[in-house]
Amino acid sequence: MTTTPQAGLAARAPEMLSVLRIVSALIFTLHGSQKLFAFPPTDQTPPLASLMGVGGLLELVGGLMLLVGLFTRPVAFVLSGMMAVAYWMFHAPGNLFPTLNGGDAAILYCFVFLYIFVAGPGRWSLDAMLRRG
């Protein structure tokens with residue numbers, strides 16, 4: 001019996017889920033490090049005791065947890081909600097269209113993290129390693 005190309009691709013879905021989680025988390029973590037440590041360099045350094053500061057802390061810590069795949073589902077759920085709030089509080093009031101209000105990344109992160117919440121961390125994660133061990 002031969003396998004179809006689609007079946008071969010579907011067999012790689014758990015690894016690709018991990019790749020999506022890792023790449024998304026890595027870029028997301030940079031947003032937090034930029035807010036908290038001005039790295040990569042930026043003029044935007046909000047106080048820690050502000051909404052932007054707390055957002056930066058969630059981006060950094062939550063992003064690192066997603067990066068390694070630890071407590072993936074609850075972290076992804078929290079970060080998905082944070083991105084929904086970020087869109088409606090900071091982007092949508094200026095203009096409803098994401099391409100005009102700069103909120104397209106917030107929407108994408110919201111739904112990528114929601115997908116990770118539902119699908120799990122993928123094969124390459126600390127969560128998967130702890131389940132096996």
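When a residue number appears, it is its place in the shown sequence, counting from 1.
We find the CD1-CG distance between Ile22 and Leu17 to be 9.5 Å, quoted to the nearest 0.5 Å. To the nearest 0.5 Å, the span separating CG on Leu96 from OH on Tyr87 amounts to 5.0 Å. Separating the CG atom in Leu60 from the CG atom in Leu36 is a distance of 5.5 Å, to the nearest 0.5 Å. In this structure, CD1 on Ile116 lies 5.0 Å from CG on Leu20, to the nearest 0.5 angstrom. Once rounded to the nearest 0.5 Å, the distance linking CG of Leu79 with CD of Glu59 reads 8.5 Å. Going from atom CZ of Arg123 over to atom CZ of Arg132 covers 8.0 Å, rounded to the nearest 0.5 Å.
For the residue pair Ser24 and Val112, the shortest heavy atom distance occurs at OG-CG1, 3.6 Å. Contact detail for Asn101 and His91: the closest heavy-atom pair is O-ND1, 3.1 Å. The nearest pair of heavy atoms linking Ser18 to Pro121 is OG-O, 3.4 Å. A pairwise comparison of heavy atoms in Met52 and Lys35 identifies O-CD, 3.5 Å as the closest pair. Contact detail for Leu66 and Arg21: the closest heavy-atom pair is O-NH1, 2.6 Å. Scanning all heavy atoms of the two residues, the minimum distance from Pro14 to Ala11 falls at CD-O, 3.6 Å.
A continuous path of hydrophobic side-chain contacts links Val68 to Met16 [ILVMFWY only; heavy atoms under 4.5 Å]. Under a hydrophobic clustering in which Ile, Leu, Val, Met, Phe, Trp and Tyr are joined whenever their side-chain heavy atoms come within less than 4.5 Å, directly or via other members, Leu100 and Ile107 fall into different clusters. In the hydrophobic clustering of ILVMFWY residues, with side-chain heavy atoms under 4.5 Å counting as a link, Leu67 and Val61 come out together. Note: the hydrophobic cluster containing Leu57 also contains Tyr109 (ILVMFWY, side chain heavy atoms under 4.5 Å, direct or indirect links). Hydrophobic cluster membership differs between Leu58 and Met89, with clusters built from Ile, Leu, Val, Met, Phe, Trp and Tyr side chains linked at under 4.5 angstrom.
With a 6.0 Å radius and a threshold of 12 heavy atoms from other residues, nucleotides or ligands, Phe90 has its CZ atom above the threshold.
Side-chain atoms of Thr29 come within 3.5 Å of backbone atoms of Ala25 as a donor-acceptor pair (strictly under, hydrogens ignored). Using a distance-only test at 3.5 Å, with no hydrogens or angles considered, a donor-acceptor pair links the side chain of Ser33 to the main chain of Phe39.
For the pair Pro40 and Leu30, the minimum side-chain heavy-atom distance is below 4.5 Å. Leu70 places a side-chain heavy atom less than 4.5 Å from the side chain of Leu130.
Using bins of under 30°, 30° to 60° and over 60° for the plane-to-plane angle, the ring pair Phe113/Phe28 lands in the perpendicular bin.
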